[in-house]
Amino acid sequence: MHDIKWIRENPEEFDKGLKRRGLSPLSSEILKIDADHKIVQQNLQVLQSRRNEIAAAIGQAKRSGDNVESLTQEGSEIRERMPVLEEKEKELKGKLHHFLITLPNRLLPSVPHGKDESENVVVRTVGKPRTFSFAPKEHFDLGEASGMMDFEQAARMSGSRFVILKKHLALLQRALSNFMLDLHTQEFGYTEVSPPLLVNESSMFGAGQLPKFAEGAFQTTSGHWLIPTSEVSLTCWGADRMLMEEELPLRFVAHTPCFRSEAGAAGRDTRGMLRQHQFYKVELVSFSKPEEGLEELDRMVGAAEEVLKKLEIPYRVVSLCSGDVGFSALKTYDLEAWLPGQNAYREISSCSLCGDFQARRMNARFKGKDSKEKPQFPYTLNGSGIAVGRALIAVLENYQQEDGSIQVPRVLIPYMGGLTEI
RNA sequence: GGAUGGGUGGCCGAGCGGUUGAAGGCAACGGUCUUGAAAACCGUCGAGGGUGUGAGCCCUUCGUGAGUUCGAAUCUCACCCCAUCCGCCA
């Protein structure tokens with residue numbers, strides 16, 4: 001959600017921001033509504049003020065036994081005049097609000113310009129892809145050949161974009177999750193949380209998933225939404241709360257299933273488990289002071305990177321360009337893991353600084369000890385740390401051997417009961 | 001699903017038609033006292049918006065939305081949410 005005050009003060013910058021998002025300028029339209037609203041509001045307030053005076057005077061007069069009739073009559077007259085203004089005020093306020101909640105967040109100046117993901121900028125590349133003495137296979141070939149990854153039966157029970165893992169692959173998935181949780185809680189100070197997977201409408205709104213992206217998520221018959229990412233639950237930890245400045249930054253990590261309808265992705269990544277309706281993800285969320293947001297973003301990216309470093313999987317860090325940064329974000333870095341089977345880097349994590357955009361939507365605020373300070377909106381950040389299903393793919397493809405077996409990454413061996421090969 | 005109780009400021013909690021934006025307590029902040037701290041005492045202390053150079057003034061806000069009234073936290077209606085008990089399931 002945007003800050004109308006900021007738009008008033010920076011209309012041209014606001015429009016520039018919209019332009020970078022591929023939208024046409026709106027500041028003059030918005031500020032016109034804002035100005036109209038202010039006028040109506042002021043007129044309304046004059047009436048309200050008089051109404052209050054009269055009511056107080058009547059209260060006074062009644063106590064002293066004075067005649068009240070003329071006052072009562074004026075009150076009635078005012079009451080008749082109010083509804084028109086009230087309605088107008090509500091209408092303008094609604095229009096204004098609509099703009100503020102439906103437009104995407106602005107972008108930081110450091111976000112590279114570009115129209116889609118093809119123009120994202122590689123910031124750094126870490127690790128060298130291994131050279132193979134044979135043609136590396138894709139994860140689904142490896143998985144199916146092992147008999148531990150079953151798309152067919154999953155399709156029978158659930159449809160496309162589902163998978164059944166079993167035996168060592170199921171174990172590997174669990175091992176990855178545990179390893180990541182341990183890393184983030186023990187080395188990076190994140191607090192582990194086990195949040196709801198079903199959330200209400202206002203939580204989805206607060207995180208910026210609604211109203212725009214309703215098709216992307218599943219809704220239950222009870223009206224709940226299945227979280228498309230635990231970013232929703234974790235960020236809503238702060239909803240309608242007043243946090244203490246001293247407790248910032250707050251850092252949470254959760255391991256949850258995520259549910260996505262993938263409505264807009266027809267035909268993309270249809271094979272394998274790269275794009276599923278349901279997948280596990282370890283998610284990082286921070287609440288920071290505004291001035292510490294960027295620093296916290298770097299820290300978060302570092303935590304996500306550490307997962308891949310420890311797994312010894314080559315990857316690169318990409319700064320998303322203006323056309324690819326999501327609705328709620330000010331700036332986003334993706335981590336892309338090297339997948340030898342695809343001979344490509346593929347997204348495995350996405351870390352975003354959302355500024356006060358989500359905090360405004362969900363009314364998360366913080367206040368310093370000094371009671372004279374006004375409450376402020378904290379900055380929210382979220383990042384995958386990392387997508388577990390995709391991490392499993394990356395392990396399979398990077399650690400495959402010629403006979404189709406998979407070496408277990410060194411850091412995972414303790415999580416695999418000592419198993420060194422699958 | 002059925003029954004009951006309830007949603008008030010950072011938190012707890014009173015208020016149940018008229019100086020109530022809301023008692024009291026806690027927390028926080030400032031001060032007195034103290035070698036220092038604690039305790040005690042005194043004081044300050046909700047949020048959002050409008051307006052003004054400013055002190056200030058005004059409006060809104062007691063779950064949400066409608067309604068009654070000159071006037072609503074207080075009365076009426078609808079809805080949402082929470083708690084507890086019962087039923088059902090794990």
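Just so we're clear, the structure is a prediction, and the values are computed from it rather than from any experiment. The sequence lines fix the lettering, A, B, ..., with proteins before strands; numbering per chain opens at 1.
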- Message: Suppose you measure atom P in B:G63 against the same atom in B:A14; what distance do you get, rounded to whole Å?
- Response: 14 Å
- Gap between atoms CE and C1', on A:Met82 and B:U69 respectively (whole Å): 12 Å
- Give a yes-or-no answer on whether the side chains of A:Ser350 and A:Asp334 include a donor-acceptor pair shorter than 3.5 Å. yes
- Closest to the side chain of A:Ile54, out of B:G50, B:C70, B:G65, is B:C70
- Message: Please tell me if A:Lys374 has a side-chain N or O lying less than 4.0 Å from either OP1 or OP2 of B:G48.
- Response: yes
- What is the distance from CG of A:Asp356 to P of B:G48, rounded to the nearest Å? 14 Å
- Item | Whole-angstrom distance between B:A72 and B:U19, as gauged at atom C1' | 16 Å
- Under a 3.5 Å limit on both distances, the Watson-Crick or wobble mate of B:A28 is B:U44
- Quantified in whole Å, what is the C1' atom distance between nucleotide B:G48 and nucleotide B:A39? 39 Å
- Task: For nucleotides B:U74 and B:A22, find the distance between their C1' atoms and express it as a whole number of Å.
- Result: 12 Å
- Tell me: CG of A:Leu243 to C1' of B:A27, nearest whole Å? 16 Å
- Query: When you match A:Arg79 and A:Gln60 each to their closest nucleotide on RNA chain B, which lands nearer the 5' end?
  - Reply: A:Gln60
- Message: Below 30° counts as parallel, above 60° as perpendicular, anything between as tilted: where do the rings of A:His277 and A:Phe218 land?
- Response: perpendicular
- Are A:Lys16 and A:Glu13 close enough for a salt bridge, meaning some N to O gap below 4.0 Å? no
- Check the angle between the aromatic planes of A:Phe179 and A:Tyr415 and answer parallel, tilted or perpendicular using the 30° and 60° thresholds. perpendicular
- Take the protein atom NZ of A:Lys38 and the nucleotide atom C1' of B:G48, then report the distance between them rounded to whole Å. 14 Å
- Item | Sugar-phosphate or base contact per nucleotide [nucleotides 55-62 of chain B; S, B, -; heavy atom under 4.0 Å] | ---SBS--
- B:U35: pairing nucleotide in any strand, Watson-Crick or G-U under 3.5 angstrom: none
- Between A:Arg106 and A:Phe14, is NZ or CZ placed under 6.0 angstrom from the six-membered ring centre and within 45° of the ring axis? no
- Message: What I want to find out is whether A:Glu262 reaches A:Arg268 closely enough, with some N-O distance under 4.0 Å, to be called a salt bridge.
- Response: no
- Task: Rounded off to whole Å, could you give me the CD-to-C1' distance for the A:Glu89 and B:G49 pair?
- Result: 10 Å
- Query: What does A:Arg8 touch in the nucleic acid at a heavy-atom separation under 4.0 angstrom: a base, only the sugar-phosphate, or nothing?
  - Reply: sugar-phosphate
- Message: Less than 4.0 angstrom between a side-chain N/O of A:Lys5 and OP1 or OP2 of B:G49, yes or no?
- Response: yes
- Side chains of A:Leu392 and A:Phe279: does their closest heavy-atom pair fall under 4.5 Å? no
- Query: What integer number of Å spans the C1' atoms of B:A28 and B:G9?
  - Reply: 14 Å
- Message: Measure NZ/A:Lys367 against P/B:C45 and give the value in whole Å, please.
- Response: 13 Å
- Task: May I ask which nucleotide in the shown strands pairs with B:A3, Watson-Crick or G-U wobble, both distances under 3.5 Å?
- Result: B:U84
- Message: Using a 4.0 Å heavy-atom cut-off, does A:Lys90 contact any base of the nucleic acid, only the sugar-phosphate backbone, or nothing at all?
- Response: sugar-phosphate
- Query: Under 4.0 angstrom, heavy atoms only, what part of the nucleic acid is A:Ile58 near: base, sugar-phosphate, or nothing?
  - Reply: base
- The Watson-Crick or G-U wobble partner of B:G52, with both key distances under 3.5 Å, is none
- Query: Does the distance from a Lys or Arg side-chain N to an Asp or Glu carboxylate O, for A:Lys95 and A:Glu91, drop under 4.0 Å?
  - Reply: yes
- For atom P, what is the distance between B:A47 and B:G7, given to the nearest Å? 23 Å
- Item | Gap between atoms NE2 and C1', on A:His37 and B:G50 respectively (whole Å) | 10 Å
- Query: Of A:Gln41 and A:Met244, whose closest RNA chain B nucleotide lies nearer the 5' terminus?
  - Reply: A:Met244
- Query: Would you say the side-chain atoms of A:Arg251 pair up with the backbone N or O of A:Leu284, donor to acceptor, closer than 3.5 Å?
  - Reply: no
- Whom does B:A14 pair with, Watson-Crick or G-U wobble, provided both distances fall under 3.5 Å? none
- Query: Taking the P atom of each, how far is B:C89 from B:U76, in whole Å?
  - Reply: 39 Å
- Query: What integer number of Å spans the C1' atoms of B:C45 and B:U4?
  - Reply: 38 Å
- Return the value, rounded to whole Å, for the distance between atom CD of A:Glu246 and atom C1' of B:C29. 12 Å
